[in-house]
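Every value quoted in this text rests on a predicted model; they were computed, and no experiment measured them. Atoms within each ligand, like the ligands themselves, are counted from 1 in listed order. Every heavy atom of this structure was used, including side-chain atoms; hydrogens, water molecules and symmetry mates were not.
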Amino acid sequence: MTGDDRRDGGAVRIGLLGCGTVGQAVVRTLIDGGSTIERASGHRLEVAKVLVRDPTKERPGIDPSLITTDPGDILDDPTVSIVVEVMGGLDPTLDHLQRAIARGASVVTANKQLLSRHGPELLQAAEAAGAELRFEASACAAIPVIKVLRESLLAAEITQITGIVNGTTNFILTEMSRGGLSYDEALARAQQLGYAEADPTEDVNGADAAAKMAILSSIAFHSRVRIDDVPHEGIDRLQAEDMDHAGSLGFVVKLLGVARLLNGSVSVRVYPALVPRGHRLAAIEGPDNAVLLESRATREIMLVGPGAGGDETASAVVADVLSILGTHQGSFLHNALVDAGRTVAPPGAVESAFYVRMAVDDRPGVLARVASIFGDAELSIRTVVQSGTGDQARLVLVLHSGPEARMEEALERVRALDEVRGEPVMLRVLGSGAGGDAR
Ligand code: NAP
Ligand code: HSE
């Protein structure tokens, strides 16, 4: 893709292979985000055709005239410059991608099973054809871990990757450890929410995580690691009893992918493990993923975020499309100069929860007067602590979320009370309450 594509004013035509959980979200993102994408990238993207198996299925929001069952409508159309593969599987997917690449189309894929088996040959074919192959969504969905490994940490000499890289199993384990859902119920829910693969066997037996670890370790260690090189165990043999024992011993159970350099060799494995409750990976819950990247220079960097789901994965797929288009000179500058016309919100409009500490006279009625000021400002009190006596008397309040402007007004009145001595101390409380809290 060159700068000429942008200059000629024509749309970039995208062909989609697959229109399930991820494919539908990609189409929605391209349509709903069209004007933002165009403003930020300088490219107008157009969905040319969408390949499916069953054209009669309900696909809300997808124009039926885009649907085809003939792969040639995409693979052989010279006006389709980028093919997005979100159909999964190996056969006929590999043939389709080879066919697209052979005619010079660039490919974006979310297919870890295919890449962990045929990644090197597809990359070589793309290089030979002068095309691009991008696959950010194949590992950890929305988390840009491949970009970080390929770009930001290229020179960091990674020594270990420890990851929770399957959203379905992390969701199941979280639900089971909370005692909310049984294994079967949690798996059914993960399928319903679009986290699981069409056949969830590879989620629960560790093969999905093994494929992702093969991809990540190939990039991190500049090696050729294939899924067959990754011994894997899943969570399918775990019992609720094991979760209970782990909990009472101070652990949580997680399905981990662990890749490390061992005397010049690469070792990559996937297994359920007991993680100490205080460890950073223990806090990763639900369908979230996390990847802990270790190197001597950077010590530990942890990337966390949604590891599965339609919209989440589509975000990475569309980012790959834009990264192919944005490789022409000047795009970084262009992105930095984009002005979406948004104004800067005044600080008083931002909502937060608050902690307030004040020194007060040690006499009756002080708390009532302070509380009524916050009540007038419609800031509700969550907790009050009174401590000390005499000169050491203190009033400490934690308030629910409200606009900063109202807190400033209330503090102004609190300061003016005869019983309040000195300047009250106000701190914001992270992440408690409605949207807009200090985060
Ligand atoms: P999905 O819901 O099962 O959708 C698959 C789509 O591909 C369907 O539209 C299906 O057509 C079509 N398809 C499958 N085989 C086909 C064939 N031989 N010819 C034509 N069309 C075919 O799967 P998904 O969850 O969207 O996942 C798609 C890919 O993204 C997989 O590689 C998956 O591993 C990967 N991925 C998924 C997630 C996630 O959270 N779901 C996250 C990251 C990566 P019909 O609609 O007619 O059945
Ligand atoms: N089935 C996968 C998971 C989708 O649950 O992690 C994301 O690759």
### Query
Any side-chain donor paired with an acceptor under 3.5 Å for Q160 and T162?
yes

### Query
At a 4.0 Å threshold, what atoms of ligand 2 neighbour a non-hydrogen atom of E197?
1 (N), 2 (C), 4 (C)

### Query
Of all the non-hydrogen atoms in the protein, which one sits nearest to atom 30 (O) of ligand 1, and at what distance?
A110 CB, 3.6 Å

### Query
How does K112 reach ligand 1, by side chain, by backbone, by both or by neither, if only non-hydrogen atoms under 4.0 Å count?
side chain

### Query
Nearest protein heavy atom to atom 11 (O) of ligand 1, by residue and atom, and its distance?
R53 N, 3.4 Å

### Task
Look at ligand 2 and say whether E202 reaches it with a heavy atom at a distance under 4.0 Å.
no

### Query
Got the closest protein heavy atom to atom 5 (O) of ligand 2, with its distance?
T168 OG1, 2.6 Å

### Message
Going by a strict under-4.0 Å cutoff (protein heavy atoms only), does atom 23 (O) of ligand 1 have a neighbour on the protein?
### Response
no

### Message
If the contact criterion is a heavy-atom separation under 4.0 Å, does A196 count as touching ligand 2?
### Response
yes

## Note on the structure
Residue, atom and distance of the protein heavy atom nearest atom 43 (C) of ligand 1 read T313 CG2, 3.3 Å

#### Entry: Check: D70/T68 side-chain N/O donor and acceptor closer than 3.5 Å
no

#### Entry: Nearest-neighbour protein heavy atom for atom 34 (O) of ligand 1, which is reported as residue plus atom name and distance
E197 OE1, 2.6 Å

### Message
Please determine whether any non-hydrogen atom of E85 lies less than 4.0 Å from an atom of ligand 1.
### Response
no

## Note on the structure
shortest atom 40 (O) of ligand 1-to-protein heavy-atom contact is with G309 N, 2.6 Å

### Task
Specify the protein heavy atom at minimum distance from atom 45 (P) of ligand 1: its residue, its atom name, and the distance to 0.1 Å.
K57 NZ, 3.4 Å

### Query
Among all protein non-hydrogen atoms, which one is nearest to atom 25 (O) of ligand 1, and what is the separation to 0.1 Å?
T21 CB, 3.6 Å

### Test item: side-chain donor near acceptor, N111 and T109, under 3.5 Å
no

